[in-house]
Engineer: 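Can you read through this structure? Questions will come right after.
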Amino acid sequence: MAAQGGGDGGGAGRALPPHSPSGAVLQTVEMHTGGEPLRIIPRLEAAERAAAGLSLLSLRREVAATQDHVRRALMHEPRGHAGMYGAVVVRGGAAAEGAHLAAVFLHCAGYSAMCGHAVMALGRFALDYGLVPAPTRPETAVRLRCPCGPVTAFVPWDGHRSGNPVRFHSVPAFAAATDLAIDVPGRGKVVVDIGYGGTFYAFLSAEQLGLDVCSSKTRDLVSAASAVTEAVKKQFKLHHPESEDLAFLYGTILTDGKDAFSEEPTTNICVFADEQYHKGLIQLDQTRTFRSSTTGSLFTGKAVKEAKFGNYNAVIVEVSGEAFYTGTATFTVEEEDPLKHGFFFK
């Protein structure tokens, strides 16, 4: 939550370090899902004031325009890092329409419309921090409103605390393009699929770029994926059935090429399940296990129901994983600090 606090007083008993009297004190809850970090901001007063009468997408634009210093301060160095991810919890206004809470997603480069690992963590957070009025045992449905639309997380509840694994049902996911030829400068032609499951991603096997998702250096994988992302943005126009605010390519996912159904775990990300379903490689309720190539953490993904989204044949995807608390933090700012709003270390 954000509170105003003064910077005077001293001695060993001070609750906070010296900080600007006019600056916000930002309190966060720290979590991770399979190693993917999530910094939750339970309350941002400026966002609460702006939320009245705004849609969540409009609120996201407002936060970006007026509160981007908060994102930079919490996501960038020295308080964050290149892989940091955040969520501003919104209640009331933008979280209406039957949701227990809404979230504005933050990261180092800006704002996102959907994040699966964040949804799993927020599902536990909502129960443990009392945002769900009457949780049920042994599992509670937590209704979240994301910028991309409503998402439901199903969270174990023993009457006192939440547990794992957490699963969630996505917004309708669809294939925007399959087997699309893209010319990547300096790397040649590749063939990608483009899928939507709350955000748009391009998918291709790392092998097409002469890489291996398990053995290649992370910086080489990131560099190659970024090059593909930029090439796709220039060569393919995206369309979202409901809002052009969502018609942007979030990134590129490099896969291990194990696309067809198998009991063997794959390093492909779970969102790839909707692409596999649309290409006939997996069937409804056919669960695939996904192993993080970085941490070894396991997730599962499956297509659970067909749907229609605009003119697209879509599917609802269920993803399951484990989210854990790592602590809480209180962040302050000294006005004279030239790096008070962070810096981006590349």
Side-chain angles (χ1 to χ4, degrees), residues 1-5 15-16 24-34 36-56 59-60 63 67 70-71 74 84-106 114-170 319-332:
M1 61 182 65
Q4 302 300 320
L16 293 173
V25 175
L26 296 165
Q27 296 179 340
T28 66
V29 175
E30 308 288 309
M31 299 187 72
H32 80 89
T33 304
E36 294 281 354
L38 182 67
R39 176 162 286 163
I40 300 171
I41 303 99
R43 186 182 179 200
L44 185 61
E45 290 176 357
E48 288 183 355
R49 290 194 297 269
L54 291 180
S55 70
L56 196 54
L59 178 61
R60 187 179 70 158
V63 169
Q67 300 298 311
V70 174
R71 177 191 66 82
L74 293 179
M84 181 56 76
Y85 208 92
V88 176
V89 173
V90 182
R91 286 168 272 190
E97 301 179 40
H100 293 114
L101 71 159
V104 174
F105 298 123
L106 322 172
M114 172 61 185
C115 177
H117 87 263
V119 164
M120 286 183 267
L122 285 168
R124 289 199 64 192
F125 169 84
L127 284 180
D128 294 321
Y129 281 76
L131 302 187
V132 180
T136 57
R137 289 184 287 184
E139 184 180 72
T140 296
V142 179
R143 299 185 298 276
L144 297 97
R145 190 149 195 88
C146 303
C148 64
V151 174
T152 301
F154 301 91
V155 187
W157 176 250
D158 67 4
H160 303 283
R161 57 170 287 193
S162 67
N164 282 301
V166 178
R167 59 191 178 94
F168 73 87
H169 285 179
S170 71
V319 179
S320 175
E322 294 188 322
F324 296 94
Y325 293 97
T326 58
T328 59
T330 301
F331 294 100
T332 59

Engineer: How close do A103 and L56 get, counting heavy atoms only, and between which atoms?
Structural biologist: O-CD2, 3.7 Å
Engineer: Does a side-chain heavy-atom distance below 4.5 Å link N164 with R124?
Structural biologist: yes
Engineer: List the steps and the verdict of side-chain contact (heavy atoms from CB on, under 4.5 Å) for V155 and F168.
Structural biologist: CA-CA 9 Å; V155 187; F168 73 87; over 6 Å; no
Engineer: Indicate yes or no for a side-chain donor-acceptor contact from H117 to the backbone of H32 under 3.5 Å, with no hydrogens or angles considered.
Structural biologist: no
Engineer: Heavy-atom distance under 4.5 Å between the side chains of I41 and T28, does that happen here?
Structural biologist: yes
Engineer: Minimum heavy-atom separation for E30 and A329, please, with both atom names.
Structural biologist: OE2-CB, 4.1 Å
Engineer: V119 versus V166: any side-chain heavy-atom pair under 4.5 Å?
Structural biologist: no
Engineer: I want to check something: taking the side chain as every heavy atom from C-beta on, are H100 and P133 in contact at a cut-off of under 4.5 Å?
Structural biologist: yes
Engineer: I'd like to know whether L16 forms a side-chain contact (heavy atoms from CB on, under 4.5 Å) with V25, so could you lay out the CA-CA distance, the side-chain angles of the two residues, the decisive distance to 0.1 Å, and finally the verdict.
Structural biologist: CA-CA 9 Å; L16 293 173; V25 175; 4.0 Å; yes
Engineer: When rounded to the nearest 0.5 angstrom, what is the spacing between CG in L101 and CZ in R145?
Structural biologist: 12.0 Å
Engineer: Under 3.5 Å, is there a donor-acceptor pair between the side chain of R39 and the main chain of M84?
Structural biologist: no
Engineer: Hey, does R43 have a side-chain heavy atom less than 4.5 Å from the side chain of V89?
Structural biologist: no
Engineer: List for me each residue that meets ring pair (Phe, Tyr, Trp, His ring centres under 6.0 Å) alongside Y129, sequence neighbours excluded, and say none if there are none.
Structural biologist: F125
Engineer: Could you report the tightest heavy-atom contact between L144 and A153, atom names first, then the distance?
Structural biologist: CD1-CB, 3.9 Å
Engineer: Looking at P156 and L127, what are the two nearest heavy atoms and their distance?
Structural biologist: O-CD1, 4.2 Å
Engineer: Under 4.5 Å between any side-chain heavy atoms of L38 and L122, yes or no?
Structural biologist: yes
Engineer: Can you give me the closest heavy-atom contact between T330 and Q27, atom names plus distance?
Structural biologist: OG1-CG, 3.9 Å
Engineer: Who passes ring pair (Phe, Tyr, Trp, His ring centres under 6.0 Å) against F105, sequence neighbours left out?
Structural biologist: none
Engineer: A side-chain contact here means heavy atoms from C-beta on lying under 4.5 Å apart; do V29 and P42 qualify?
Structural biologist: yes
Engineer: Nearest 0.5 angstrom please: T152 OG1 to R167 CZ, how far?
Structural biologist: 10.0 Å
Engineer: Search all heavy atoms of A121 against all heavy atoms of A323 and return the closest pair with its distance.
Structural biologist: CA-CB, 3.7 Å
Engineer: Using a 4.5 Å cut-off on heavy atoms from C-beta on, say whether the side chain of M31 contacts that of M120.
Structural biologist: no
